[in-house]
Amino acid sequence: MDKTKFLDLGKQPIANRFLSKDDFEDEFFYHLEVGLDQETMLVTHMNYVDAPMMFNDNYAYRGSMSTTMVNHFSMFSESMRSILKPECKVLEIGSNDGVFIKNWNKENTIAVEPCGNFAKETNELGYKTYSEFWTAELADRILEEHGTMDFIFSANCMCHIPDLDQTFESIAKVLDRDGIFVFEDPSLSQMICLNSYDQIYDEHPHIFSVTALYKILRKHGLHIIKVENTTVHGGSNRIWVQGKHANRDRTVTDNLDAEKILGLHDTSTYNRFAESVAKSKSDLVNLLTRCKANGSKVISYGATSKSTTVFNYCNIDTNMIDYITDTTPEKQGLYSPGTHIPVIPPEEGIDNTVNFAYLGAWNFSEEIKAKERNFYGKFITHVPTVRIL
Ligand code: DWN
């Protein structure tokens, strides 16, 4: 890959590794630099963090912690069942805590999840779950044990895998000739439009455009037949793929054209984005500094991988943010990666002493605002601009 660097997000930790005080001294950091692959137009890290450093038996991110995502996967499953035969064979790659496969029957559904703590949960639910990374060897084993798959699904996983060629080549092998492969990941267009640079962290080695995926998938005999632009996770694209030449609907050309108009083919777009990111940093630090100077209590809502990127890039620690609230048991009682802000349950941290809450989980702002309608303070966000809501 011939990559041209356009963004430097500085020294970053493992975004989802929440720590106890004893872990601070040996914490791992890497230099997060982002570039553009000149051949495929893929936006990707200049260097990748080794997968086992991020995905292991203590993985903290639990997909079912938001009703938004539970409903999102439930509605999508219902729509898929209406077009698939009842006995269709389903494979999910990156099944996390089962938030998607729980909508499918156990007999015809298998899953791949390298994080052992979650693979254990879905195996105990009765879903055959391979607790491994998706590789060509695993694909061959699945093909041998289960035959080809009618429906392969992957949410917030494909953009987590550095080697897309091996990944898509292996998927093409396991996908039935009449099968459908659907995956969804954050949209590069949305990141550029929302200035949501916090979509970039160790677990996201790539931020996908349809343009780049079209070029990469085609090398492996996979063809995009539909693109759905969804609002989840700060704006994602759901990509529908078939292994044979099939009639593609107009959403494919619409998205390819929209990306060209947005300037995703033009390196100056990425240089302007980097300038916007630098401005976002100074605006956020200035706002939080003013809040603290006025004696306000400022917290963060949602201990996200995204806010790990923001807090480490902007050097935001307990000097500006008193603590972070989060509903995930695996994160509570620990400290955030890199800048070591304590994480506590919302029921302990959201009260009338709080003047401002930075939206670490801004992608769930509607759900959060509905949940916290009695919140006395005000929310702060950085997307698309730094401001008090
Ligand atoms: O790609 C990924 C996405 C899907 O999830 C993973 N690599 C890592 C992770 O990224 P994230 O941590 O930025 O994701 P979320 O879904 O924005 O994280 C939301 C966090 O906020 C969770 O820890 C749960 C928490 N939360 C909360 O405390 N109160 C969420 C809601 C909706 C709430 O009301």
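What you see is a predicted model; the values in this text were computed from it and never measured. Computation of the quantities below employed the complete heavy-atom set of this structure, encompassing side-chain atoms and omitting hydrogens, waters and symmetry-equivalent molecules.
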Fill in: Ile344, Asn16, Ile324 screened by side chain to side chain contact (heavy atoms under 4.5 Å, CB included) with Lys331, the one that passes
Asn16
Worksheet entry | No-hydrogen, no-angle side-chain donor-acceptor test under 3.5 Å, Thr339 and Asp317 | no
Worksheet item: Do we see a donor-acceptor contact under 3.5 Å between the side chains of Lys297 and Tyr323?
Response: yes
Fill in: Approximate separation, where rounding is to 0.5 Å, of Arg238 CZ and Glu228 CD
4.5 Å
Worksheet item: Which value, rounded to the nearest 0.5 Å, describes the distance between Met191 atom CE and His204 atom NE2?
Response: 11.0 Å
Worksheet item: Between Asn229 and Asn237, is any side-chain donor less than 3.5 angstrom from a side-chain acceptor?
Response: yes
Discussion item. Can you confirm whether the side chains of Glu113 and Tyr59 place a donor and an acceptor under 3.5 Å from each other?
Written reply: no
Discussion item. Do Phe28 and Met54 sit in one hydrophobic cluster, given that two such residues count as connected whenever their side-chain heavy atoms are within less than 4.5 Å of each other, even indirectly?
Written reply: yes
Fill in: Sidechain N-carboxylate O distance under 4.0 Å for Asp97, Lys120
no
Practice prompt. Just do the ring-ring contact (aromatic ring centres under 6.0 Å, His included) check on Trp104 and Phe151 with the steps written out, would you?
Written response: CA-CA 11 Å; Trp104 296 82; Phe151 173 36; 5.5 Å; yes
Worksheet item: Could you state the interatomic distance from NZ (Lys371) to CZ (Phe364), rounded to the nearest 0.5 Å?
Response: 9.5 Å
Response to the item:
Minimal heavy-atom distance between Glu39 and Lys215, with the atoms involved, is O-CD, 3.8 Å
Worksheet entry | Six-ring centre of Tyr30, Lys11 cation under 6.0 angstrom, axis tolerance 45° | no
Discussion item. Name the residue from Phe133, Phe118, Tyr61 that meets the side chain to side chain contact (heavy atoms under 4.5 Å, CB included) definition with Phe55.
Written reply: Phe133
Worksheet item: Is there a donor-acceptor contact under 3.5 Å linking the side chains of Asn195 and Lys279?
Response: no
Discussion item. Can a side-chain donor-acceptor contact be found between Ser236 and Glu184 if the only test is distance below 3.5 angstrom?
Written reply: no
Worksheet item: Any chance the side chains of His220 and Gln166 put a donor and an acceptor closer than 3.5 Å?
Response: no
Fill in: Gln332 side, atom CD; Asp326 side, atom CG - distance, nearest 0.5 Å
7.0 Å
Worksheet item: Strictly by modelled atom types, are Gln199 and His233 linked by a side-chain donor-acceptor pair under 3.5 Å?
Response: no
Worksheet entry | Exercise: do Asp198 and Ser196 side chains pair donor with acceptor under 3.5 Å | no
Practice prompt. Go through the side-chain N and O atoms of Ser268 and Asn271 and say whether any donor and acceptor fall under 3.5 Å apart.
Written response: no
Worksheet item: For His223 and Gln242, does a side-chain donor sit closer than 3.5 Å to a side-chain acceptor?
Response: no
Worksheet item: Measuring from Phe153:CZ to Ser77:OG, what's the distance to the nearest 0.5 Å?
Response: 7.0 Å
Discussion item. Tell me whether Asn294 at atom CG has more than 12 heavy atoms from other residues, nucleotides or ligands lying less than 6.0 Å away.
Written reply: yes
Practice prompt. Using distance alone, with no hydrogens and no angle criterion, decide if Ser280 and Asp283 have a side-chain donor and acceptor under 3.5 Å apart.
Written response: no
Fill in: Val43 reachable from Leu217 in the ILVMFWY side-chain graph, under 4.5 Å edges
no
Item to complete: State which residue, out of Val386, Leu287, Ile380, fulfils the side chain to side chain contact (heavy atoms under 4.5 Å, CB included) condition with Tyr358.
Response: Ile380
